[in-house]
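Protein chains get the first letters and strands the later ones, always in sequence-line order, with residue 1 at the start of each.
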Amino acid sequence: MGLKDFFKNRRLKKVKLKKPPISYNGQGHDLKQAPKISDDELCALWVKCQGCNELLYLSTLKKNNSICKHCDFHHRLSAEERIELITDYGTFLSINDNIIPDDPLKFTDVKPYKKRLEDAQKTTKTKEAIVTGIGNINGYIAGVASMEFQFIGGSMGSVVGEKLTRLVEVAIKKRLPLIIVSSSGGARMHEGILSLMQMAKTSSALKDFHEANLLYISILTEPTFGGVTASFAMLGDIIIAEPRARIGFAGRRVIEETIRQKLPKEFQTAEYLLENGQIDMIVHRNGLKNTLSDLLRLHLTNHNNATSKDVFKQISKEHLLIKI
Amino acid sequence: MKQETVLLDFEKPLFNISKQIHELEKQVEHNGNKNIIENLKEQYESVKNQIYKNLTPLDKVKISRHAQRPHPLDYIKLMSNTWYELHGDRSGKDDRAIVGGIIEIEGIAVMIIGTQKGTNMKENQKRNFGMPSPEGYKKALRLFYHAEKFNMPIITLIDTPGAYPGLEAESHNQSLAIAMNLRELAGLKVPVISVVTGEGGSGGALAIGVANKILMLEHSIYSVISPEGCAAILWRTKDKASDAASSLKITAEDLYNLGIVDEVIPEPFGGAHYNPEEASKNLLNAIKKYLKELQKLSPEQIRKQRQEKFRQMGRFIEA
Ligand SMILES: [Zn+2]
């Protein structure tokens, strides 16, 4: 069996991966109780590194935060994995999960939008392209949002806009710093103009946040484009990108068609953005959590922010009441 | 002399009739048969009526992009005798795809800013087909701040295919330029009225469109992505632009029904390019009406009204 056939077969073979349970109700969860994925199941799964084409065991890759041990390529994380990566175990409280997508335009392309939503919900096991909540980062509390690229390309429709806006509002009210991890192709076409307006809605909320003198750290991950970059993602007080992440406004193909020339390979990479003064730093995934907590600490020293304990209690109370 | 109006593809039936009229008019000078001409002129109007009653969203896209459609500078000159254009981002560039300056409406100084397309190839090159670069948005932002400092209401006229997707635009941070305008417009304490006069192309349009009142000319469009771009991505062929234009809900009427737009401003029959004077009169009347309304609010109320307007936008289910 050639390598090509091997991959073809692998795609056809549906291997069910048992995921450790994630508690989104603030109760926390216990790693020891998480069901172990049998080695057989995982050994059956190989992936090809997007950076160096090496074959990698999925289990090894996942254990290494999805970073390739050969070339250090940072593969995409799911929204959930990202939350696990940066927040302290069992401290993340997801809020506004009851906000779910509608189909305001009754949009149909080759597939009805409703069907697309259902499919995305099935594959990602989430209701929308973003998880928002409050969590501790090495003991420092923050409002945290994490985008799910697998959900219709992490596109921003009404739900993403609304959940982000509400998170910003909670952060202002509770005087929390804000961390938003972006991974998105841009605005969601299927909700038309309503998606476009989410750019204004989130930016408007961030105007209030900005004036409240609170810290917003924006993290740009592979890939961040379009209406997301051109609104909340670029408005961070500090902007961090992951190595080699592609970040930009217009897509590469659109630009090449417009200017009728080939773009340099490094164009629209995190490194290119750093070179061009658009981001503050590129941070390796393994050091991301400590970088974040350090930045939070440094910005707290001179500042009257809320302490972790009080806020957590308050928010847990308020949000658990309105949860489904 | 008035330039002949260029007809769009769906207006082709009109072309034949008008050709016949012209030929007959020449003959009439010889034999004086006026009836045939009158009949044909009636026919012309009735066919035109029929065409304009049944415009598809893609037809509207074509009208909104009509080369002879009045652009912001045309409206500015028709609406006010006073006009001081202000230039530049103060950091090395004057992006001609964005125009801005001070006009006077009923004795009030007003800051007016628009995205400006050209009417011919030469002007389009100068104005980059109405697609602003980051420097253009920074120029607009400078003028927003100027307006706030001197308590001038702001009018923005939107007519752009979108923000320029170019190499330099990216390396100069097109994203941040747009994002900053969205954020800063939200916080202004002077009234902002935005009118989509032609093409409202995505984030590049919204970057001057975070307003207290959003108005659209009857045949303008406003969309998250161009129908062609949407078709290429979702249908995988640009030939489906017509389907995309319908699905995306981009006409003035659609946006009014979605609660995004406050008012649709009527255009002269056939589109603003058939009678720019009338179009600009309608535009000016609408602007005056909303200026009057907004001037009753305090600076704090003006900001609040705008932010709350956008806060309400979006449709979702709260289970
Ligand atoms: Zn690799």
- prompt: So which part of B/M180 gets closer than 4.5 Å to some heavy atom of chain A, the side chain, the backbone, both or neither?
  reply: both
task: Under 4.5 Å, counting heavy-atom pairs only, tell me which of A/E257, A/M199, A/Q261, A/M189 racks up the most with chain B.
output: A/M189
- prompt: Charged N to carboxylate O below 4.0 Å: is that the case for A/E211 and B/R303?
  reply: yes
task: For the residue pair B/Y164 and A/T258, establish whether any side-chain heavy-atom pair is separated by less than 4.5 Å.
output: yes
- request: Go through the atoms of A/Q268 and report whether side chain, backbone, both or neither lie under 4.5 Å from a heavy atom of chain B.
  value: side chain
message: How about CZ on A/F267, more than 12 heavy atoms from neighbouring residues, nucleotides or ligands closer than 6.0 Å, or not?
response: yes
statement: Most contact-rich option vs chain A, by heavy-atom pairs under 4.5 angstrom, among B/E184, B/R311, B/R306, B/H172, is B/R311
query: What's the verdict on side-chain contact (heavy atoms from CB on, under 4.5 Å) for B/S202 and A/L196, showing C-alpha distance, side-chain angles and the deciding distance?
result: CA-CA 7 Å; B/S202 196; A/L196 184 72; 3.8 Å; yes
message: Using heavy-atom distances under 4.5 Å, tell me whether B/I250 contacts chain A through its side chain, its backbone, both, or neither.
response: neither
Any B/L258 side-chain heavy atom under 4.5 Å of A/L105 side chain: yes
query: Of the backbone (N, CA, C, O) and the side chain (C-beta and beyond), which part of A/T229 lies under 4.5 Å from a heavy atom of chain B, both, or neither?
result: both
Electrostatic pair B/R315:A/E191 at N-O distance under 4.0 angstrom: no
statement: When the 4.5 angstrom heavy-atom criterion is applied to B/L255 and chain A, the contacting part is side chain
Region of A/Q198 that comes under 4.5 Å of a non-hydrogen atom in chain B: side chain
query: Where the side chain of B/K249 meets the backbone of A/G192, is there a donor-acceptor pair that is under 3.5 Å apart?
result: no
field: Proximal component of A/E256, with respect to chain B [non-hydrogen, under 4.5 Å]
entry: neither
Donor-acceptor contact below 3.5 Å, side chain B/Q307 vs main chain A/A205: no
- request: Check whether A/F225 gets within reach of chain B through its side chain, its backbone, both or neither, counting any heavy atom under 4.5 Å.
  value: neither
message: Could you check whether any side-chain N or O of A/E162 sits under 3.5 Å from a backbone N or O of B/G314, counting only pairs where one atom can act as donor and the other as acceptor?
response: no
message: Tell me the closest heavy-atom pair linking A/K201 and B/M313, and the distance in Å.
response: NZ-O, 2.9 Å
- request: Output the option from B/V210, B/L167, B/I260, B/D254 having the highest count of non-hydrogen pairs under 4.5 Å with chain A.
  value: B/L167
- prompt: Does the side chain of A/F107 reach to within under 4.5 Å of the side chain of B/L234, using non-hydrogen atoms?
  reply: yes
- prompt: A/A230, A/S158, A/A233: which one forms the most heavy-atom pairs within less than 4.5 Å of chain B?
  reply: A/A230
- prompt: Which bit of B/D243 comes within less than 4.5 Å of chain A, counting heavy atoms only: side chain, backbone, both or neither?
  reply: neither
- prompt: Quick one: do B/E170 and A/R246 make a salt bridge, cutoff under 4.0 Å?
  reply: no
statement: Given B/G200, B/A186, B/S247, B/A169, the one with more heavy-atom pairs under 4.5 angstrom with chain A than any other is B/S247
Side-chain heavy-atom pair B/L176, A/Q278 within 4.5 angstrom cut-off: no
message: For B/L248, which atoms come within 4.5 Å of any heavy atom of chain A: side chain, backbone, both, or neither?
response: both
- prompt: Got a second to check how far B/F310's CZ is from A/S204's OG, nearest 0.5 Å?
  reply: 8.5 Å
- prompt: Any ion pair linking A/R166 and B/E318 (charged N to carboxylate O, less than 4.0 Å)?
  reply: yes
query: For A/L263, is it the side chain, the backbone, both, or neither that has a heavy atom closer than 4.5 Å to a heavy atom of chain B?
result: side chain
- request: May I have the step-by-step check of side-chain contact (heavy atoms from CB on, under 4.5 Å) for B/N173 and A/F249, ending in yes or no?
  value: CA-CA 8 Å; B/N173 211 344; A/F249 174 63; over 6 Å; no
task: Kindly give the heavy-atom pair with the smallest separation between B/P165 and A/I259, and that separation in Å.
output: O-CG2, 4.4 Å
- prompt: Of the backbone (N, CA, C, O) and the side chain (C-beta and beyond), which part of B/S223 lies under 4.5 Å from a heavy atom of chain A, both, or neither?
  reply: backbone
message: Tell me if the NZ atom of B/K309 is crowded by more than 12 foreign heavy atoms within 6.0 Å.
response: yes
field: Check ion pair B/R183-A/D208 (N to O, under 4.0 angstrom)
entry: no
message: Less than 4.5 Å apart, side chain to side chain, heavy atoms only: is that true for A/I193 and B/V224?
response: no
query: Quick one: CG on A/D102 to CZ on B/F316, what's the gap to the nearest 0.5 Å?
result: 10.0 Å
- prompt: Crowded around A/K262 NZ? As in, over 12 foreign heavy atoms under 6.0 Å?
  reply: no
task: Heavy-atom pairs under 4.5 Å with chain B are the metric here; pick the option from A/D103, A/V159, A/T108 that has the most.
output: A/T108
field: Selection from B/L182, B/I225, B/L206, B/I317 maximising heavy-atom pairs under 4.5 Å formed with chain A
entry: B/I317
message: Quick check for you: among B/S246, B/A179, B/S175, which has the greatest number of heavy-atom pairs under 4.5 Å with chain A?
response: B/S175
